[in-house]
There are 2 protein chains.
Amino acid sequence: MSEGFASYPTVSFSELAEKIDAALPGLPTQEARLAQFMLLNIDKLALETGRTLAAKVGVSEVTVGRLLRRLGCDGMRGLKAMMREQYSLSAGARPMAGGEAPAMNDRLERVLGAEIDALHSIFQQAGSNAFRELAKRLAEAQGVYVTGFQSVRGIAEDCARRLAIARPNVRYLSAHDSMLAEWLLPSGEGGDRPEDTCLLLIDVVPYARESQDLARIARDQGRRCVVVTDEYCHWAKDVADAVLHAPSRSGLFLESTVGIVSALNLVVDGVAGLQDDGGRQRIDQWKLMARDVRLF
Amino acid sequence: MSEGFASYPTVSFSELAEKIDAALPGLPTQEARLAQFMLLNIDKLALETGRTLAAKVGVSEVTVGRLLRRLGCDGMRGLKAMMREQYSLSAGARPMAGGEAPAMNDRLERVLGAEIDALHSIFQQAGSNAFRELAKRLAEAQGVYVTGFQSVRGIAEDCARRLAIARPNVRYLSAHDSMLAEWLLPSGEGGDRPEDTCLLLIDVVPYARESQDLARIARDQGRRCVVVTDEYCHWAKDVADAVLHAPSRSGLFLESTVGIVSALNLVVDGVAGLQDDGGRQRIDQWKLMARDVRLF
DNA sequence: CGCTCCGTGACAGAAAAATAACATTTGCAG
DNA sequence: CTGCAAATGTTATTTTTCTGTCACGGAGCG
């Protein structure tokens, strides 16, 4: 990584990179985060200011200065000076990785294109009525059940966890394990009325028979049902109150789940946005809890 | 990299380049020199100021200002703003700042942009040595353990399922539930030697203490360890044989998991590609099984 | 001459960065 | 659990740097 004849007396920029690398293990937490971020984005740091950098990493401006000084360069000023020197216009070096990437192979390029198209499609749907309807159902229901099988089961579980941060009373429904005990009609006063609950069903090809069965059961019990699925799903619209279709063809070994995941992220976000305070209270609470449990 | 999908209205930077190009012939001498210079060094302009630029080209500062304004962007300020937009690293204005609630569409556009940037970053890494190393480790190990906690636990489980299609002997490791019984050193003949196994660790902020502990245990036992994480993780590179960093900032209610998922998709694909037959045999077999199961 | 191009210098406003003093949190040893 | 020291954030203030603007003058040219 060292430059052949960079005989400048000043600490050069690549040296700085190495220095960051070396210093990283011994750094305090926040500074380490910052350092890591800088290291990863070292070639795109050019047009960041101290402030924006701090904001992006989530540390304070002062910390940026402190770290830089600890690393031997005179704050932001010095950093920019170094970079200027390194990438001085007369030199042939190419600073910005954003511009031209080292050729990635054709296949990956195509896959990337497909993924991006999928995202476009999903974000487009995020402005649609179907999406609003879906988010509204999930936000207004008394209780929400989330489920998904096979290759998206984990995604469904994660979605349930995240949705539970955005709104109360969310459960992952494991049709296999629990035999739907959750859905025995409430005999007494406890529990929500079925009409006030909503099922979020996540399903992709090859479709699980369970999904359709579950959807029908839900409907028969008067529950609401919304579906997030792939572009091939043919049955969802017959049983669901709202459907989102996330493209999954990408050309990889297995179908991509990026679309589904993105759609679900948006759904969670949308539901959070429909809470009274934009979900702010709940997420703050959650952060506190997470800290108390000493998860991190 | 192709500008193929410039379907969103970023007043982009490449547009400026074209504009310069078009305007060049009709420009006065000095401005033409300046324009020419900018065109040639367009990707290195980032850390120049109006003054340095003027100095390097040999024109006055005022001329720089004039030219820029003539080209339609508000002087140096505007230029930098453009570049920032173009090369912004996971920009996304404060998502939960409560204060400003930008129009849904605007916000979604930004989120989409961030997601796309994340994908670019990941696909770029997919051509890197780190990625090859990571895939190789996962492909060549006798046995693979996959794990992830909290908000990516489900993703990790899914990844284990999918990886198990790409190659044999993959298990999800649930450190909590099983108390690591899987990792008791094999007393007799059964089981793989630790050196022949590889741990795939998936972790995002807020990082789970367990992840780091687990990584260390793995290393102490002589196991291989590879990590897929977000852009902030500062501990991974100290304990892992290979690390992939997936940007997660998107501006949504919760951090985006799209990047991680995409990275894992690529990993599975990469591992499949390293199988003798590109994993074809295994996937065919799986499809058959899946179809059979679907019938009942 | 009148016009455009271009440079100079002075100045003001804005943004960025450094600095210092102080409050809070966190990590950790005792 | 206590309490100290390090780490981090806050706030306010100052300094530096960057930019844009204005007024002016000189040079070249039809």
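All chains are named by letter (A, B, ...) in the order of the sequence lines, taking the proteins before the strands, and each is independently numbered beginning at 1.
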D241(B) side-chain N/O to C225(B) backbone N/O, donor-acceptor pair under 3.5 Å | yes

S250(B) side-chain N/O to A114(B) backbone N/O, donor-acceptor pair under 3.5 Å | no

Is the backbone of F131(B) close enough, under 3.5 Å, to the side chain of S128(B) for a donor and an acceptor to pair up by distance?
-> yes

Between the protein and nucleotides 17-19 of chain C, list the N/O to N/O atom pairs that are separated by less than 3.5 angstrom.
{"unit_1": "dA17(C)", "atom_1": "OP1", "unit_2": "K80(A)", "atom_2": "NZ", "d": "3.4"}
{"unit_1": "dA17(C)", "atom_1": "OP2", "unit_2": "G50(A)", "atom_2": "N", "d": "2.6"}
{"unit_1": "dA18(C)", "atom_1": "OP1", "unit_2": "D74(A)", "atom_2": "O", "d": "3.3"}
{"unit_1": "dA18(C)", "atom_1": "OP1", "unit_2": "M76(A)", "atom_2": "N", "d": "2.9"}
{"unit_1": "dA18(C)", "atom_1": "OP1", "unit_2": "R77(A)", "atom_2": "N", "d": "3.4"}

Calculate the interatomic distance between L27(A) atom CG and dG27(C) atom C1'; express it in whole Å.
-> 16 Å

Side-chain donor/acceptor of E231(B) to backbone N/O of S248(B), under 3.5 Å = yes

Determine yes or no for a side-chain-to-main-chain donor-acceptor pair under 3.5 angstrom, with S262(B) supplying the side chain and G259(B) the backbone.
-> no

Sidechain-backbone polar pair: D230(B) side chain, C233(B) backbone, donor-acceptor under 3.5 Å = yes

Sequence neighbours excluded, the answer for salt bridge (Lys or Arg N to Asp or Glu O under 4.0 Å) partners of R33(B) is none

Might you point out which heavy atoms bring L27(A) and A35(A) nearest each other, and give the distance in Å?
-> CD2-CB, 3.9 Å

Protein N or O to nucleotides 24-30 of chain D N or O, pairs below 3.5 Å:
none

Got a salt bridge between D158(A) and R161(A), using NZ or NE/NH1/NH2 to carboxylate O under 4.0 Å?
-> yes

Pairs: protein N or O with nucleotides 6-8 of chain D N or O, under 3.5 Å:
{"unit_1": "dT8(D)", "atom_1": "OP1", "unit_2": "T29(A)", "atom_2": "N", "d": "3.2"}
{"unit_1": "dT8(D)", "atom_1": "OP1", "unit_2": "Q30(A)", "atom_2": "N", "d": "2.8"}

Whether Q125(B) side chain and H245(B) backbone form a donor-acceptor pair below 3.5 Å = yes

Is the side chain of T147(B) donor-acceptor paired with the backbone N or O of L173(B) at a distance under 3.5 Å, no angle test?
-> yes

E61(B) meets the side chain to side chain donor-acceptor pair (under 3.5 Å) criterion, sequence neighbours left out, with R51(B)

Five-pair end axes of the helix from dC1(C)-dG30(D) to dG30(C)-dC1(D), angle between them (10°) = 30°

